[in-house]
Each structure stands twice: as C-alpha cells, then as structure tokens.
2 protein chains.
Amino acid sequence: MDTLIERLKSKLTEKGYKLTTQRRIILDVILENQGNHLSSEEIYDKVKSKYPEIGLATVYRTLQLLEELGIVYKVNFNDGYNRYEVSSSTGDHRHHHLVCLKCGKVIEVKLDLLENLENRIEKESKFKIVDHNVKFFGYCEECSK
Amino acid sequence: MDTLIERLKSKLTEKGYKLTTQRRIILDVILENQGNHLSSEEIYDKVKSKYPEIGLATVYRTLQLLEELGIVYKVNFNDGYNRYEVSSSTGDHRHHHLVCLKCGKVIEVKLDLLENLENRIEKESKFKIVDHNVKFFGYCEECSK
DNA sequence: TTAATTGCAAATGGTTTGCAATATT
DNA sequence: AATATTGCAAACCATTTGCAATTAA
C-alpha cells in the first residue's frame with residue numbers, strides 16, 4: 001500500500017479535512033513524476049487527463065494544502081512557476097540542483113556535503129536549521145562544448 | 001569616485017545604451033541599501049522620493065538591464081517579489097541566506113565552504129558552475145526560544 | 001539629428017477568491 | 001445533516017509591453 005497516500009489520509013482527518021478524489025489524484029500525479037519538478041499547470045494538465053472535470057483552482061488549493069501538511073515542498077527555479085516535489089518523511093530530499101544557464105535544464109545531484117556547513121552555521125549564528133535549498137548555476141555538458 | 005557608477009557607465013556605452021538620470025538614481029538607491037534585498041517596488045518607492053516623475057515601468061526595465069549587465073543580481077525569497085542586490089565584481093557575493101520560518105527575517109552569513117562541493121560536482125557531473133544560490137531555512141535565535 | 005529611453009495606460013499571466021452547487025464524514 | 005470542498009468566473013497583483021513624447025549622444 002502506498003505510504004504517502006496513507007500519510008495524506010491521516011494528516012487530513014487529523015485536521016478535520018476530507019480526502020477527496022481530486023486530492024488523491026493530484027498526489028498520485030506528483031508521485032508518478034518524482035524528480036520532475038512539475039509546475040502547478042503541468043500538474044493540472046496531467047490531472048486533467050485522469051479527471052477532466054477538475055478545475056485549476058482546485059489544483060492550486062490542493063498544492064497549497066499539501067505543502068502546509070508537509071507532504072510536498074515548493075521548488076523555485078526563478079522561471080515564474082511554482083514547482084512541487086514530494087518531501088520524503090525520512091528527510092532525504094538532500095539533493096542539489098544544477099541549473100543550466102543556456103538550455104535551462106535542471107540536473108539533480110545527490111551529495112551530502114552540506115552537513116559540515118550547517119553545523120558550522122548553527123554554531124556561529126545560533127540559527128536552528130531545518131531545511132536547505134541549494135542551486136548551482138552554470139553550463140551543462142552539452143552547452144559548455 | 002564611485003566605481004560602480006563608472007562600471008555602469010562603461011558597460012552602457014559599450015553596448016550603445018545611454019546613461020540617464022533615472023538609471024543613475026536607481027543604482028544609487030540599490031547601493032545605499034546594500035544587504036537589504038529591496039524588492040522592485042521598494043526600489044521604486046525610494047527612487048520616487050528622489051525623482052518623483054519616474055514611472056514604475058522604468059524601474060522594472062532598469063532592474064532587468066542592470067541584471068543583464070551583471071551589475072546587480074536577483075535574489076528570490078519565495079515571497080512573490082523580485083529582490084535585487086549589488087553583485088560585486090570581485091565575485092565575493094558568496095554569502096548564504098538564513099531564512100527564519102517564523103518571523104521571516106533573513107540573515108546573511110559569509111562563509112565559503114562551498115568550494116569543495118563545487119569542485120566535486122564539477123568533477124562528477126561535468127557541469128561548469130559559475131554561481132550558486134544557497135538558502136537555509138530554520139529558526140532564528142529569538143524565534144527558537 | 002537620431003536612436004535610445006521614458007511615462008503612461010493597457011495588457012499579461014500565474015495565482016487567488018467568492019459563491020452556489022456538490023461530496024465527504 | 002453538517003461542514004468541507006469543488007468548479008466556475010471574476011479578481012488580484014507583480015511584471016511587461018505598446019506607443020507617442022522626450023532625452024542623451
């Protein structure tokens with residue numbers, strides 16, 4: 001059984017919210033596209049093919065809700081869209097993004113060398129870190145040729 | 001003499017653009033507020049008090065131009081505004097942002113422990129890095145009490 | 001002189017909101 | 001049955017654009 005849907009279900013009832021078909025399908029679409037950083041409208045399009053009656057507003061409202069519940073998190077590539085990604089409960093979304101300045105491609109890198117940095121910042125600035133967002137800008141292999 | 005205005009001047013003439021009063025004043029305002037990450041409209045308001053005839057569109061156009069010329073760079077705090085900061089020519093805008101999830105305060109940290117990470121990414125992924133953008137989310141000293 | 005720039009007002013486009021109808025608990 | 005949720009259309013709001021008037025080179 002899909003754990004994330006379970007998690008959605010319990011978080012919703014916990015707060016007196018309801019589990020609707022629309023909410024289920026929106027989460028399904030995000031799950032099926034993990035790592036693709038879909039924008040709100042891309043999610044809308046994909047949901048629409050499974051459930052054509054859905055309204056755009058429902059998608060926006062659901063994405064906000066999923067973020068509020070900690071099921072999903074927002075990724076910003078400065079391209080004018082809100083993008084969403086599953087935020088795994090195990091805290092392993094510690095990956096970084098390489099954004100190509102020429103073709104716009106986004107590559108993911110999973111390295112976790114940031115812990116030293118976090119520790120040092122926490123010590124020096126008395127700031128309690130709970131998440132980070134790291135983007136590197138440059139040129140991908142093809143574009144740097 | 002202010003080096004940055006000189007830099008603006010030469011970059012403009014180099015590309016056949018003109019140095020107008022409006023452009024000068026907009027850069028002045030950004031310079032006077034270094035480290036404050038002013039949004040486009042905050043910049044507009046401050047410019048307006050020095051030059052009331054200015055139009056909002058001119059501010060937006062100038063900010064785009066300054067970014068294109070590499071004089072200024074965009075900072076995104078996911079709050080719906082474009083924010084701008086002077087990009088020093090010496091490449092020392094290698095600072096990170098600590099964004100407090102409770103009060104929204106943004107603290108700057110100047111540490112440069114990211115070079116190892118950049119080197120490793122460049123090696124492993126064949127991606128040529130030219131800049132980075134790092135944000136840590138958490139709770140500032142007051143809010144974590 | 002002449003090409004770039006400005007200010008204004010209107011347009012754009014992603015996101016949000018009000019509301020009556022509908023679905024979940 | 002009671003309340004949350006939906007879909008639609010209209011509103012929002014930061015940013016962009018068209019254009020005639022103005023200004024720097």
Side-chain angles (χ1 to χ4, degrees), chain A residues 5-6 8-27 29 37-69 71-84, chain B residues 5-6 8-27 29 37-69 71-84:
Chain A
I5 297 284
E6 297 289 290
L8 173 60
K9 210 166 176 175
S10 66
K11 289 215 171 181
L12 286 174
T13 41
E14 187 185 306
K15 303 212 174 187
Y17 298 146
K18 293 167 180 173
L19 180 57
T20 63
T21 317
Q22 291 90 330
R23 287 176 177 169
R24 262 208 68 115
I25 295 182
I26 290 168
L27 185 53
V29 164
H37 313 101
L38 298 186
S39 68
S40 312
E41 290 208 73
E42 285 167 344
I43 293 169
Y44 171 63
D45 289 340
K46 289 188 190 292
V47 170
K48 206 156 189 183
S49 71
K50 300 187 174 197
Y51 193 96
E53 321 87 283
I54 201 153
L56 182 53
T58 302
V59 174
Y60 277 96
R61 280 185 288 230
T62 302
L63 292 173
Q64 276 182 189
L65 181 67
L66 292 176
E67 199 192 8
E68 187 190 317
L69 299 178
I71 290 176
V72 125
Y73 67 98
K74 217 189 276 178
V75 192
N76 190 305
F77 294 147
N78 262 63
D79 59 356
Y81 301 97
N82 281 347
R83 299 179 172 281
Y84 294 87
Chain B
I5 297 285
E6 298 288 292
L8 173 59
K9 211 167 177 175
S10 66
K11 289 215 171 182
L12 287 174
T13 42
E14 187 185 305
K15 304 212 174 187
Y17 297 147
K18 294 168 180 173
L19 180 56
T20 63
T21 317
Q22 291 91 330
R23 286 175 179 172
R24 262 207 66 114
I25 294 181
I26 290 168
L27 185 52
V29 164
H37 313 101
L38 297 186
S39 68
S40 312
E41 288 207 80
E42 286 166 344
I43 293 170
Y44 171 64
D45 290 341
K46 290 189 190 291
V47 169
K48 205 152 191 187
S49 69
K50 300 187 176 200
Y51 193 95
E53 319 89 283
I54 201 153
L56 182 54
T58 303
V59 174
Y60 276 97
R61 280 186 288 231
T62 302
L63 291 172
Q64 274 183 190
L65 181 67
L66 292 176
E67 200 193 6
E68 186 189 318
L69 298 177
I71 290 177
V72 125
Y73 67 98
K74 215 187 276 179
V75 192
N76 190 304
F77 292 147
N78 262 62
D79 59 357
Y81 301 96
N82 281 148
R83 300 180 171 280
Y84 293 88

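On a predicted model such as this, the values are computed, not experimentally measured, just so you know. Just the heavy atoms: all of them, side chains too, but no hydrogens, waters or symmetry mates, feed the values below.
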Legend entry - Near-strand residues of residues 42-51 of chain A, defined as heavy-atom separation under 4.0 angstrom from DNA chain D: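 When residues 42-51 of chain A is checked for heavy atoms under 4.0 Å from DNA chain D, the hits, listed by number, are Y51(A).
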Legend entry - Any donor-acceptor N/O pair, K46(A) side chain to V29(A) backbone, under 3.5 Å: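 The answer is no, because no donor-acceptor pair under 3.5 Å joins these two groups.
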Taking atom [atom2] of [N] as reference, at what distance in whole Å does atom [atom1] of [X] sit?
X      : N       : atom1 : atom2 : result
L8(A)  : dT5(D)  : CG    : P     : 11 Å
R24(B) : dT23(D) : CZ    : C1'   : 17 Å
L65(B) : dT15(D) : CG    : P     : 17 Å
Y17(B) : dT6(C)  : OH    : P     : 12 Å
D79(A) : dA14(D) : CG    : C1'   : 16 Å
L63(B) : dA14(D) : CG    : C1'   : 13 Å
E67(B) : dT16(D) : CD    : C1'   : 15 Å
L69(A) : dA4(D)  : CG    : C1'   : 14 Å

What are the two closest heavy atoms between [X] and [Y], and how far apart are they?
X      : Y      : answer
T58(B) : I26(B) : O-CD1, 4.2 Å
I54(A) : Q22(A) : CD1-CG, 3.6 Å
E68(A) : Y17(A) : OE2-OH, 3.6 Å

Inset, instruction - Can you check each nucleotide of nucleotides 12-21 of chain C against protein heavy atoms at under 4.0 Å and return B for base, S for sugar-phosphate only, - for none, in 5' to 3' order? - result: --SBBBB---
Within this structure, what is the [atom1]-[atom2] distance for the pair [X] and [Y], rounded to the nearest 0.5 Å?
X      : Y      : atom1 : atom2 : answer
L38(B) : R83(B) : CG    : CZ    : 8.0 Å
L63(B) : S39(B) : CG    : OG    : 9.5 Å
T13(B) : L19(B) : OG1   : CG    : 8.5 Å
K9(B)  : R24(B) : NZ    : CZ    : 7.5 Å

Inset, instruction - Apply side-chain contact (heavy atoms from CB on, under 4.5 Å) to Q64(B) and list each qualifying residue two or more places apart in sequence or on a separate chain. - result: none
Between protein and nucleotides 22-24 of chain C, what N or O pairs are separated by less than 3.5 Å?
residue, atom, partner, partner atom, Å
dT24(C), O2, K18(A), NZ, 2.8

Taking C-beta and beyond as the side chain, do [X] and [Y] meet within less than 4.5 Å on heavy atoms?
X      : Y      : result
E42(A) : Y81(A) : no
T62(A) : I43(A) : no
L66(B) : Y84(B) : no

Legend entry - Angle of first-five versus last-five pair axes in the helix from dT1(C)-dA25(D) to dT25(C)-dA1(D), to 10 degrees: 40°
Inset, instruction - Please list, chain by chain and in numerical order, all residues satisfying side-chain hydrogen bond (donor to acceptor under 3.5 Å, both in side chains) with Y60(B), sequence neighbours excluded. - result: none
